[in-house]
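Quick notes on the structure that follows.
All figures in this text were calculated on a predicted structure; none of them were measured in a lab.
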Amino acid sequence: MKKKLLFFMMAFVACFTASSADQIVVADGQDTNYYLPIKGTYCDTEGTYGYMIYPKEDLAEIAGTEISGFMFHFQTTMSASNAGCVLQLSLKEVDDATVESSSTTYSDLTVCGTYQIVGGETTMPFAFTQNFPYSGEKNLLVEVKVITASASYADFYTLGIRQTAGVNSSLSHYGTYSTLQNFLPKATIEYIGEAVDWDAKVSPETLDFGKIYTGEQATLNISIKNRGLNAFTPTFTVDAPFSVNWDTEIASGETVEVPVVFNPEADGVYNNNLAVTCGEAGTFNVSLKGTSIEAGSEIVVCEGNNQNGYIPVYGSYYDTQGTTSQFIYPAEMLTQLQGRAITSVKFFSNSTILFKEGKLQLSAKEVDYTTFERETATSVPSNAVTDMKVVATIVPTGEDTELEFVFDEPFVYNGGNLAFETYVVEKNNYASTTWLGLNQTNDCAYYVYTSSWGGTSSNLAKFLPKMLMTTVAAGEQPVEEGKVITFTAEQENGTVAVALEDGTAVESNVTKVKEGEKFTVTATPAEGYEVENFEVKAGETVLNPVNAEGETMLKAEAPVAGTYEMPAEDVTITVTFKKKSPTAIEDINTSNVKSVRYYNAAGVESATPFQGVNIVVREMTDGSKTTTKIVK
């Protein structure tokens with residue numbers, strides 16, 4: 001069986017490396033579902049089948065080609081219980097975007113390939129006996145069907161993406177059981193296009209190096225495929241701290257992995273563009289991102305995927321004020337923290353943290369013990385931590401999987417065991433979550449006081465939540481550079497919003513913007529209002545907007561938005577709104593008007609106004625006519 005699997009995989013890979021073959025990945029996500037394809041179990045009944053519809057928008061790259069291979073991806077391995085099951089894959093172009101109901105069936109599909117389950121694999125590549133010509137004019141229906149049943153069955157989980165409710169549903173049939181899922185399984189599609197002299201593909205479009213320490217380096221690869229008949233040696237244009245060292249020719253049909261190096265010498269956030277020129281096939285751009293931080297400025301403790309539903313704050317942030325939890329990190333976990341001060345801490349969940357609209361408080365203190373002591377499981381520990389320093393408060397959004405407390409001022413660490421306390425200042429909605437962290441071998445217990453119960457939790461856990469600490473050198477205060485932008489975030493007749501180039505929202509009198517950094521101001525009138533005045537000033541100097549190249553413009557392209565370059569002074573933004581005046585179009589809708597016709601500059605007639613200049617001819621009920629000019 002293992003030899004058969006190896007042969008199958010080699011055959012699939014071989015067809016991917018043919019001179020004119022290429023591949024794309026669709027529904028590329030990490031969501032999981034064990035119903036697709038075909039109920040997930042590929043159980044012991046012949047004829048079990050499932051439909052999936054991939055939207056044509058996701059397949060635009062392969063329009064006009066021939067599909068020559070199809071492979072699904074799984075989160076868990078196929079079970080040996082599924083071994084021997086033979087599956088058949090068929091394709092068809094359809095107008096449908098969804099499978100409407102469990103009774104929906106399709107006919108006249110093209111049978112393309114089969115796959116026999118071995119057990120232990122995490123991909124399912126179908127070996128095609130005939131290619132499928134895909135025009136790209138319609139959506140792609142995929143049917144997977146059991147043609148030889150297995151002796152038994154077992155569940156496994158398909159990777160993919162969840163769709164907007166009611167969109168791109170996939171249908172799985174299992175005997176009399178059926179279910180509609182707003183889910184599409186991840187798939188690699190092999191396709192063959194017409195061979196040309198010069199053609200290339202560079203992927204991915206973005207490389208994100210994440211965070212590394214300044215002075216170190218990270219390497220990620222881009223893939224370059226020569227899809228044309230002529231060989232070429234690619235050339236690369238990129239600025240430091242990114243670099244590429246490659247000067248090897250790529251033959252027709254060959255795919256190579258080219259290393260890109262990120263080696264920053266100074267702290268900062270770096271965004272750059274890598275231009276890859278592939279002979280006469282053209283130049284392709286890859287967006288590069290990376291962040292460099294001081295060594296020790298970020299420290300992670302209890303980095304694990306164990307799960308516990310009780311901390312911080314008893315997991316549910318109970319809906320009464322005063323709910324409290326305490327937990328202690330031993331000093332041996334914090335050796336990297338010596339000589340530093342904490343500026344923020346972040347906790348992690350395996351799902352969305354649904355707590356919102358309440359206020360949580362975090363306090364800290366160094367203590368000389370790691371275990372809470374109590375006479376009974378439900379009593380308050382005799383060594384519960386007191387006189388703790390309040391370091392931060394937050395109001396959770398209810399949308400994130402991380403919970404970050406940004407400290408009011410740095411907390412200097414002196415080398416002891418570090419106790420934290422979370423406290424409900426203002427009650428939250430009732431919601432629970434599961435925290436990530438590490439199970440401990442010693443009694444690094446926590447205790448919880450739940451005000452709604454009037455006592456303590458009986459939960460004693462050898463568990464500590466995963467925590468990321470952002471730090472600075474002790475005595476070194478983090479200096480926030482830049483000046484503030486003052487504006488009214490909300491007005492009765494409209495709103496004003498300010499954002500940096502990377503999309504970061506600027507909070508009035510809070511966010512500091514560095515000199516030379518670009519920011520965009522957007523004014524949005526309320527219904528029935530319009531912008532009357534739009535002014536950006538540094539002191540008494542009115543600032544002019546700039547274009548994408550940073551060149552000064554005399555005025556904003558529209559009266560409701562503009563991009564500006566931050567000066568060395570604080571900025572004040574003034575926007576006023578006024579009630580809209582009735583338009584000529586609105587004025588003509590009176591009881592004495594019999595009919596209205598609109599004509600554009602070319603003399604074309606319409607019952608509704610054209611965009612731009614309109615000549616309006618109104619016939620009145622008394623037989624008279626009037627002609628006016630309006631601009632829409």
Side-chain angles (χ1 to χ4, degrees), residues 8-29 54 56-73 112-113 123-128 131-136 140 159 186-209 219-238 242-262 272-289:
F8 229 150
M9 290 302 295
M10 290 178 65
F12 191 66
V13 171
C15 65
F16 272 100
T17 57
S19 61
S20 58
D22 207 344
Q23 65 185 48
I24 61 168
V25 178
V26 291
D28 189 5
Y54 291 88
K56 61 184 180 183
E57 292 78 11
D58 294 349
L59 305 173
E61 183 179 339
I62 67 172
T65 67
E66 291 188 2
I67 297 175
S68 56
F70 208 101
M71 180 168 67
F72 293 110
H73 302 257
C112 295
T123 58
M124 182 180 289
F126 287 84
F128 272 36
N131 295 341
F132 178 83
Y134 178 63
S135 72
L140 183 64
L159 288 173
K186 178 179 178 179
T188 298
I189 302 176
E190 173 204 340
Y191 63 96
I192 299 174
E194 182 180 355
V196 294
D197 288 339
W198 296 96
D199 191 15
K201 181 179 181 181
V202 177
S203 60
E205 295 180 352
T206 299
L207 283 185
D208 190 343
F209 291 84
T219 302
L220 294 175
N221 291 341
I222 59 171
S223 176
I224 305 177
K225 181 177 179 63
N226 184 353
R227 304 192 298 189
L229 299 176
N230 295 323
F232 60 80
T233 299
T235 59
F236 306 90
T237 303
V238 66
F242 302 98
S243 61
V244 177
N245 184 15
W246 179 276
D247 59 358
T248 304
E249 185 178 76
I250 304 176
S252 174
E254 184 181 7
T255 300
V256 298
E257 298 295 319
V258 177
V260 181
V261 176
F262 175 48
N272 211 324
N273 178 72
L274 169 62
V276 184
T277 301
C278 301
E280 294 184 26
T283 299
F284 303 83
N285 293 308
V286 179
S287 176
L288 305 179
K289 302 177 181 179

Testing the basics here: between [X] and [Y], what is the closest heavy-atom pair and its distance to 0.1 Å?
{"X": "Leu207", "Y": "Asn221", "answer": "CD2-O, 3.7 Å"}
{"X": "Ile250", "Y": "Asn226", "answer": "O-ND2, 3.1 Å"}
{"X": "Ser252", "Y": "Gly228", "answer": "OG-O, 2.6 Å"}
{"X": "Pro259", "Y": "Thr219", "answer": "CB-CG2, 3.7 Å"}
{"X": "Ala63", "Y": "Gly136", "answer": "CB-CA, 3.8 Å"}

Side chain to side chain donor-acceptor pair (under 3.5 Å) partners of [X], counting only residues at least two apart:
{"X": "Ser135", "answer": "Glu93"}
{"X": "Asn273", "answer": "Asn285"}
{"X": "Asn272", "answer": "none"}
{"X": "Asp28", "answer": "Lys186"}

Identify, with sequence neighbours excluded, every residue that meets ring pair (Phe, Tyr, Trp, His ring centres under 6.0 Å) alongside Phe242.
Phe209, Phe262

Spacing of [X] atom [atom1] and [Y] atom [atom2] [to the nearest 0.5 Å]:
{"X": "Phe128", "Y": "Cys112", "atom1": "CZ", "atom2": "SG", "value": "4.5 Å"}
{"X": "Asn131", "Y": "Glu190", "atom1": "CG", "atom2": "CD", "value": "7.5 Å"}
{"X": "Leu220", "Y": "Thr206", "atom1": "CG", "atom2": "OG1", "value": "11.5 Å"}
{"X": "Trp246", "Y": "Thr233", "atom1": "CH2", "atom2": "OG1", "value": "10.0 Å"}
{"X": "Glu254", "Y": "Lys225", "atom1": "CD", "atom2": "NZ", "value": "9.5 Å"}

For [X], give me all partners under side chain to side chain contact (heavy atoms under 4.5 Å, CB included), at least two apart in sequence or on another chain.
{"X": "Ser223", "result": "Ser203, Thr255, Glu257"}
{"X": "Ala281", "result": "Trp198, Ala200, Cys278"}
{"X": "Ala187", "result": "Val26, Tyr54, Phe70, Phe72"}
{"X": "Glu57", "result": "Pro55, Asn139"}

By the definition side chain to side chain donor-acceptor pair (under 3.5 Å), identify the one residue from Gln23, Glu66, Glu61 that meets it with Tyr191.
Glu61

Could you walk me through whether Val244 and Val260 satisfy the side chain to side chain contact (heavy atoms under 4.5 Å, CB included) test, starting with their C-alpha distance in whole Å, then the side-chain angles of each, then the deciding distance to 0.1 Å, before giving a yes or no?
CA-CA 5 Å; Val244 177; Val260 181; 3.9 Å; yes

Partner residues of Asp199 under the salt bridge (Lys or Arg N to Asp or Glu O under 4.0 Å) criterion, sequence neighbours left out:
Arg227

Glu280: partners by salt bridge (Lys or Arg N to Asp or Glu O under 4.0 Å), with sequence neighbours left out:
none

Could you go through the side chain to side chain contact (heavy atoms under 4.5 Å, CB included) check for Phe236 and Ile222 one step at a time?
CA-CA 12 Å; Phe236 306 90; Ile222 59 171; 4.2 Å; yes

Taking the side chain as everything from C-beta on, heavy atoms only, tell me whether Lys56 gets closer than 4.5 Å to Tyr134.
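Side chain of Lys56 against side chain of Tyr134, heavy atoms only: contact under 4.5 Å found.
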
Side chain to side chain, Ile189 and Leu59, heavy atoms closer than 4.5 Å:
yes

More than 12 heavy atoms of other residues, nucleotides or ligands under 6.0 Å from NZ of Lys201: yes or no?
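Enclosed.
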
Is there a side chain to side chain contact (heavy atoms under 4.5 Å, CB included) between Leu140 and Ile67 once you walk through the steps?
CA-CA 11 Å; Leu140 183 64; Ile67 297 175; 3.8 Å; yes

